[in-house]
Engineer: 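Take a look at the following structure, please.
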Amino acid sequence: QVQLVESGGGLVLAGGSLRLSCAASGSIFSINAMGWYRKAPGKQRELVATIPSGGTTNYADSVKGRFTASRDYAKNTVYLQMNSLKAEDTAVYYCYADITTGPIHIPRAYWGQGTQVTVSS
């Protein structure tokens with residue numbers, strides 16, 4: 001079994017900051033990409049940031065320059081530092097990880113439980 005547990009959401013005023021964390025645990029052989037999506041009411045799910053294993057982080061245009069994603073490979077944890085938050089950043093944020101549970105297994109995506117981020121203007 002693999003679990004991704006998120007923490008760090010909440011309510012913040014516009015212009016403020018929040019930091020999300022997501023820790024993967026369980027029967028993990030290897031982790032490829034980790035990252036974050038978000039889903040706002042009435043909108044489609046949006047990729048916020050993705051970090052390939054040992055690669056360069058990619059961001060959605062809407063968050064470039066404001067959000068920073070990072071990984072702690074030793075802790076199987078991904079973070080999302082969100083600065084200069086705007087009302088339009090309000091959404092449920094989900095972390096994901098492409099995880100292999102054995103040496104010959106195909107990677108599959110696992111998801112966190114989601115954490116609400118609300119930005120008040």
Side-chain angles (χ1 to χ4, degrees):
Q1 291 283 358
V2 173
Q3 278 191 315
L4 270 65
V5 178
E6 300 181 35
S7 61
L11 173 64
V12 65
L13 292 175
S17 299
L18 282 174
R19 188 186 193 220
L20 306 182
S21 300
C22 171
S25 63
S27 301
I28 298 172
F29 179 77
S30 65
I31 301 178
N32 299 325
M34 297 187 82
W36 297 90
Y37 281 79
R38 67 185 180 186
K39 177 72 171 66
K43 296 185 178 180
Q44 290 191 337
R45 186 180 65 177
E46 176 187 25
L47 176 63
V48 176
T50 182
I51 310 177
S53 180
T56 302
T57 304
N58 293 305
Y59 296 95
D61 288 342
S62 58
V63 306
K64 283 180 181 177
R66 300 187 298 120
F67 290 11
T68 301
S70 59
R71 284 176 68 170
D72 185 327
Y73 289 84
K75 295 181 179 180
N76 290 335
T77 299
V78 63
Y79 305 95
L80 186 66
Q81 178 66 44
M82 304 182 292
N83 299 327
S84 302
L85 282 160
K86 306 175 181 179
E88 50 264 43
D89 295 318
T90 295
V92 178
Y93 285 69
Y94 297 91
C95 66
Y96 81 93
D98 290 327
I99 293 174
T100 303
T101 55
I104 60 171
H105 293 180
I106 297 172
R108 56 154 286 193
Y110 291 84
W111 295 88
Q113 79 276 17
T115 187
Q116 177 70 45
V117 171
T118 302
V119 184
S120 172
S121 57

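Values in this document were obtained by computation on a predicted structure and should not be read as measured data.
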Engineer: For I99 versus A24, what's the shortest heavy-atom pair and its separation?
Structural biologist: CD1-CB, 4.3 Å
Engineer: When you group the ILVMFWY residues by side-chain heavy-atom contacts below 4.5 Å and let the links chain together, are V92 and V119 in the same group?
Structural biologist: no
Engineer: Between K64 and D61, does at least one N-O distance fall below 4.0 Å, as a salt bridge requires?
Structural biologist: yes
Engineer: Find the distance between OG1 (T101) and CD1 (I106) and round it off to the nearest 0.5 Å.
Structural biologist: 10.5 Å
Engineer: Among pairs that include at least one residue of residues 40-51, which meet salt bridge (charged side-chain N to carboxylate O under 4.0 Å, His left out), considering only residues two or more places apart or in two chains?
Structural biologist: R38-E46
Engineer: Taking atom CD1 of I28 and atom OH of Y110, what is their separation to the nearest 0.5 Å?
Structural biologist: 9.0 Å
Engineer: If you define the side chain from C-beta out and look only at heavy atoms, does anything of S120 sit under 4.5 Å from L11?
Structural biologist: yes
Engineer: Is I51 reachable from Y94 through a run of I, L, V, M, F, W or Y residues, each pair having side-chain heavy atoms under 4.5 Å apart?
Structural biologist: no
Engineer: Would a single hydrophobic cluster contain both Y79 and L85, if residues Ile, Leu, Val, Met, Phe, Trp and Tyr are joined by side-chain heavy-atom contacts under 4.5 Å?
Structural biologist: no
Engineer: Measure across G8 and L18 and return the closest heavy-atom pair with its distance rounded to 0.1 Å.
Structural biologist: O-CD2, 4.0 Å
Engineer: Could you go step by step and tell me if S17 and N83 meet the side chain to side chain donor-acceptor pair (under 3.5 Å) rule?
Structural biologist: CA-CA 4 Å; S17 299; N83 299 327; 2.9 Å; yes
Engineer: Which residue is it: Y96, Y37, W36? I am looking for the one with a side chain to side chain donor-acceptor pair (under 3.5 Å) to T50.
Structural biologist: Y96
Engineer: Group every Ile, Leu, Val, Met, Phe, Trp and Tyr by side-chain heavy-atom contacts under 4.5 Å, then state whether V12 and V48 land in the same group.
Structural biologist: yes
Engineer: Please say yes or no: joined through hydrophobic side-chain contacts below 4.5 Å, possibly via intermediate residues, are L4 and Y73 part of one cluster?
Structural biologist: yes
Engineer: Measure the shortest side-chain to side-chain distance between M82 and V117 over non-hydrogen atoms and say whether it is less than 4.5 angstrom.
Structural biologist: yes
Engineer: Can you find a pair of side-chain heavy atoms, one from M34 and one from C95, that are under 4.5 Å apart?
Structural biologist: no
Engineer: Are any non-hydrogen side-chain atoms of R71 and I31 less than 4.5 angstrom apart?
Structural biologist: yes
Engineer: What heavy-atom pair brings A49 and T57 nearest, and what distance separates the two atoms?
Structural biologist: CB-CG2, 4.5 Å
Engineer: To the nearest 0.5 angstrom, please state how far the OG atom of S62 sits from the CG atom of D89.
Structural biologist: 7.0 Å
Engineer: Taking atom NZ of K75 as the centre, does the number of heavy atoms from other residues, nucleotides or ligands within less than 6.0 Å exceed 12?
Structural biologist: no
Engineer: Would you please indicate if the ring centroids of Y59 and F67 are separated by under 6.0 Å?
Structural biologist: no
Engineer: Apply side chain to side chain contact (heavy atoms under 4.5 Å, CB included) to residues Q116 and T90 and explain how you reach the verdict.
Structural biologist: CA-CA 8 Å; Q116 177 70 45; T90 295; 3.9 Å; yes
Engineer: For C22, does its backbone N or O pair with a side-chain atom of E6 as donor and acceptor, under 3.5 Å?
Structural biologist: no
Engineer: If you measure from CG on L20 to OG1 on T115, what distance do you get to the nearest 0.5 Å?
Structural biologist: 6.0 Å
